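Notes follow once the structure below has been shown.
All of these numbers come straight from a predicted model, not from anything done at the bench. In the text below, chain A, chain B and the rest are named by the order of the sequence lines, each starting its count at 1.
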Amino acid sequence: MKQIVPDRLMLEDYMSNEATLRVYHFEIFKTSLLHWHEFYELVLVIAGTATHGLNGKSIPLRRGSLFLLTPADFHEINVTPGESLLFYNVIFSGIRLDEPLINMLFEQDQQHYYDFTEPETKRLEVEFTLMQTEENQQQIGQDRLIQGALERILIELVRAIQVLSVAQISINKPLIQPSIRKAMIYIEHHFRENITLEEVARQAQLVPNYFSTCFRKMTSITFQQYLQDLRIHFAKSLLQASRLLSVTEICYASGFNNLSHFIRVFKQKTGYSPNVFRGHL
DNA sequence: AGCGCTGGCGGATTAGGTGA
DNA sequence: TCACCTAATCCGCCAGCGCT
């Protein structure tokens, strides 16, 4: 199968084969290229200011900004002119997140971003420093200490954004069975890949046919529709965020394997072809 | 020539009904 | 909750057109 993947957007080279987590301490002076990863990314800003372009939206960054990106997110960082941005950056594979942690993190559909106060930032800084120190030395229990620090940071983040979202917890939100919810989280994080009903059903520990029925009952849409909606939403965000990427590149980056099919679905969902949609922005 | 787009075709996959 | 079955839909491939 012929497939054009925009390789400049793939950053999996940052992690060696055996490693499942890496800690970086960066200082950048200019805009980073629009990109995404095959792994999760946790960032704490130490100094400087910038604008974070996340999935086509802009968010200000300053000391204490902490955010978590999933494999489904794409972003770029625009450093404020005349400044630099100093930050900790932890990248890790999904293996690092066990089921309870995944449920805790992704139970609600919201962005994992929060601006912490100075005392909180100092506390978080200690955790990041611990991870970096432990990563650089071969000592007994090293991996557990790193995992502990990672989990503490993630829980701090969840608690912080929970406070923000209390008012947003929808009363009308339909009750979704945990197995289906788990499958939905899986789809949300893997929609850019070739995922099948069988694979997602396995995540929910149900047989494909029964999963298909349950999914439809609980979400009011089919698995395919849900998957397509996520892909089209991602493609729309990319069309808005970057004029440098061609429609063909966006097609493959969004999880479609065929340009004509992508254009057909895009037009069906939005009423416009991808290029016309971009022209209207 | 390359890109964006349309449409047709056929195989693969999925949805949903039924019965156990 | 699952297996079986059938109809519907999806998806990949291809040909072709217009535009730059």
Inset, instruction - State whether A/R96 and A/D143 are salt-bridged, where the test is any N-O pair (Lys NZ or Arg NE/NH1/NH2 against Asp/Glu carboxylate O) under 4.0 Å. - result: yes

Legend entry - A/N257 side-chain N/O to C/dG12 phosphate OP1/OP2 under 4.0 Å: yes

Legend entry - Atom pair CD/CG of A/Q132 and A/N89 - distance to nearest 0.5 Å: 11.0 Å

Inset, instruction - Using atom OH of A/Y226 as one end and atom C1' of B/dT13 as the other, report the distance to the nearest whole Å. - result: 20 Å

Legend entry - Interatomic distance, A/E193 CD vs C/dC11 C1' [rounded to whole Å]: 18 Å

Inset, instruction - Tell me yes or no: between the side chains of A/Y186 and A/E199, is some donor less than 3.5 Å from an acceptor? - result: yes

Inset, instruction - Give, for atom CZ of A/F116 and atom CG of A/L157, the distance between the pair rounded to the nearest 0.5 Å. - result: 5.5 Å

Inset, instruction - Side chain of A/L206 only, please: which of B/dA15, C/dC2, C/dC11 is the nearest? - result: C/dC2

Inset, instruction - Nearest whole angstrom, please: distance from the C1' of C/dT1 to the CZ of A/F211. - result: 15 Å

Would you tabulate the nitrogen or oxygen pairs shorter than 3.5 Å linking the protein to nucleotides 4-7 of chain B?
residue : atom : partner : partner atom : Å
B/dG4   : OP1  : A/V247  : N            : 3.3
B/dG4   : OP2  : A/T248  : OG1          : 2.8
B/dC5   : OP1  : A/S273  : OG           : 2.8
B/dC5   : OP1  : A/N275  : N            : 3.0
B/dT6   : OP1  : A/K267  : NZ           : 2.2
B/dG7   : O6   : A/S260  : OG           : 3.4

Legend entry - Nucleotide B/dC3, atom C1' - distance to CD1 of A/I250 in whole Å: 13 Å

Inset, instruction - Rounded off to whole Å, could you give me the CG-to-P distance for the A/L227 and C/dC10 pair? - result: 11 Å

Inset, instruction - Return no unless some side-chain N or O of A/Q225 is found under 4.0 Å from OP1 or OP2 of B/dA15. - result: no

Inset, instruction - Kindly compute the distance separating CG (A/D73) from NE2 (A/H112), expressed to the nearest 0.5 Å. - result: 9.5 Å

Legend entry - Reported OG1-to-CD distance for the pair A/T51 and A/E76, which is rounded to 0.5 angstrom: 10.0 Å

Inset, instruction - Take the protein atom CG of A/D229 and the nucleotide atom P of C/dC10, then report the distance between them rounded to whole Å. - result: 11 Å

Legend entry - A/F92 CZ to A/Q147 CD distance, which is reported to the nearest 0.5 Å: 8.5 Å

Inset, instruction - To the nearest Å, give me how far apart CD (A/Q268) and P (C/dT9) are. - result: 11 Å

Legend entry - Protein-nucleotide distance (A/I195, atom CD1; B/dA12, atom P), rounded to Å: 21 Å

